[in-house]
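One structure is given here, and the rest of the page talks about it.
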Amino acid sequence: QVQLVESGGGSVQAGGSLRLSCAASGFPYSSNCMGWFRQAPGKEREGVAVIYTTGGSTYYTDFVKGRFTISQDNAKNTMFLQMNSLKPEDTAMYYCAARRSISCIGWTTGKSFDYWGQGTQVTVSS
């Protein structure tokens, strides 16, 4: 059974930090494109960052560059998102997702991702 389980969300003040985790199981962790996405109420889902599980290359959307870092522990089939300098506009439900492909091309929309977690809420107050 495929599972992506997020954890680490919470409420912080602006300028604070959170670290999200995504534990993957039920499918081979290697040779995938894994990513973090978020969706705020009334807004469309948007991509945050992705990582190639083999090789570790990473890509970010502009609004998180320099503040967020995506990483992974391949031995534990777990992906992370370190979020620093959080802003109120970062408030959203954060989801991890897996694409069973060695390519992350076109990742920002979230299309072509095969598995999704249940999400973890991040709330940043001003």
Side-chain angles (χ1 to χ4, degrees):
Q1 180 182 1
V2 172
Q3 280 192 309
L4 294 174
V5 181
E6 302 100 333
S7 60
S11 297
V12 296
Q13 291 191 325
S17 299
L18 285 172
R19 189 190 195 209
L20 306 183
S21 299
C22 172
S25 62
F27 65 98
Y29 188 78
S30 62
S31 301
N32 294 312
C33 174
M34 297 281 293
W36 288 99
F37 297 82
R38 69 186 188 186
Q39 188 166 21
K43 295 187 176 181
E44 292 187 353
R45 180 182 63 200
E46 57 188 3
V48 175
V50 289
I51 187 166
Y52 283 83
T53 59
T54 300
S57 295
T58 60
Y59 298 90
Y60 301 87
T61 48
D62 288 344
F63 53 78
V64 301
K65 282 182 180 177
R67 300 190 298 126
F68 292 9
T69 303
I70 189 171
S71 63
Q72 62 187 353
D73 183 338
N74 292 70
K76 296 182 178 179
N77 293 352
T78 301
M79 178 178 65
F80 305 98
L81 185 68
Q82 177 67 43
M83 305 186 293
N84 298 328
S85 302
L86 283 161
K87 304 175 181 180
E89 51 263 44
D90 294 318
T91 295
M93 185 72 78
Y94 282 71
Y95 299 90
C96 73
R99 178 192 284 180
R100 296 299 313 277
S101 170
I102 60 172
S103 172
C104 286
I105 291 176
W107 65 273
T108 57
T109 65
K111 295 179 181 179
S112 301
F113 277 76
D114 301 288
Y115 311 128
W116 292 83
Q118 81 289 350
T120 186
Q121 178 68 38
V122 171
T123 303
V124 184
S125 58
S126 57

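The figures here come from the full heavy-atom set of this structure, side chains too, leaving out hydrogens, waters and symmetry mates.
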Mind running side chain to side chain contact (heavy atoms under 4.5 Å, CB included) on Trp107 and Thr61 for me, showing each step along the way? CA-CA 10 Å; Trp107 65 273; Thr61 48; 3.6 Å; yes
Taking all non-hydrogen atoms of both residues into account, name the closest pair between Ala98 and Leu4 and its distance. N-CD1, 3.8 Å
Could you pull out all residues at least two apart from Ser31 that satisfy side chain to side chain contact (heavy atoms under 4.5 Å, CB included)? Thr54, Ile102
Between Val2 and Val5, is there a shared hydrophobic cluster once you connect ILVMFWY residues whose side-chain heavy atoms come closer than 4.5 Å? no
Just so I know, are the side chains of Ser101 and Cys33 near enough to count as touching, which here means a heavy-atom distance under 4.5 Å? no
If two hydrophobic side chains count as joined below 4.5 Å and joins carry through other members, does Met34 share a cluster with Trp36? yes
For Ser57, the side chain to side chain contact (heavy atoms under 4.5 Å, CB included) test, sequence neighbours excluded, returns Tyr52, Tyr59
Identify all side-chain donor-acceptor contacts of residues 119-126 below 3.5 Å with residues at least two apart in sequence or on another chain.
from	atom 1	to	atom 2	distance (Å)
Thr120	OG1	Gly9	N	3.1
Gln121	NE2	Ala92	O	3.4
Gln121	NE2	Thr123	OG1	3.4
Ser125	OG	Val12	O	3.4

Quick one: salt bridge (Lys or Arg N to Asp or Glu O under 4.0 Å) partners of Arg99, sequence neighbours excluded? none
I need the full list of salt bridge (Lys or Arg N to Asp or Glu O under 4.0 Å) pairs touching residues 45-54, with sequence neighbours left out, sorted by first then second residue. Arg38-Glu46
Here the disulfide bond (SG atoms under 2.5 Å apart) pairs for residues 55-103, sequence neighbours left out, are Cys22-Cys96
Is Tyr60 reachable from Val48 through a run of I, L, V, M, F, W or Y residues, each pair having side-chain heavy atoms under 4.5 Å apart? yes
Glu89: salt bridge (Lys or Arg N to Asp or Glu O under 4.0 Å) partners, not counting sequence neighbours: none
If a pair satisfies side chain to side chain donor-acceptor pair (under 3.5 Å) and one of its residues is in residues 63-78, list it, with sequence neighbours excluded. Tyr29-Gln72, Asp62-Lys65, Arg67-Asp90, Gln72-Asn74
Which pairs pass salt bridge (Lys or Arg N to Asp or Glu O under 4.0 Å) with one or both residues in residues 5-23, sequence neighbours excluded? none
In this structure, OG1 of Thr53 is separated from CG of Asn32 (nearest 0.5 Å) by 4.5 Å
By ring pair (Phe, Tyr, Trp, His ring centres under 6.0 Å), Phe27 pairs with (sequence neighbours left out) Tyr115
Contacts of Lys111 that satisfy salt bridge (Lys or Arg N to Asp or Glu O under 4.0 Å) - sequence neighbours left out: none
Listed once per pair and sorted, the ring-ring contact (aromatic ring centres under 6.0 Å, His included) pairs that draw on residues 79-101, sequence neighbours left out: none
In terms of ring plane angle, is the pair Phe113 and Phe37 parallel, tilted or perpendicular, where the classes change at 30° and 60°? perpendicular
Closest heavy-atom pair, Gly35 versus Val50, reported as atoms and distance to 0.1 Å, is CA-CG1, 3.8 Å
Assigning hydrophobic clusters by single linkage (Ile, Leu, Val, Met, Phe, Trp, Tyr; side-chain heavy-atom cutoff under 4.5 Å), is Leu81 placed with Met79? yes
Joint hydrophobic cluster, Leu20 plus Leu86, side-chain heavy atoms closer than 4.5 Å: yes
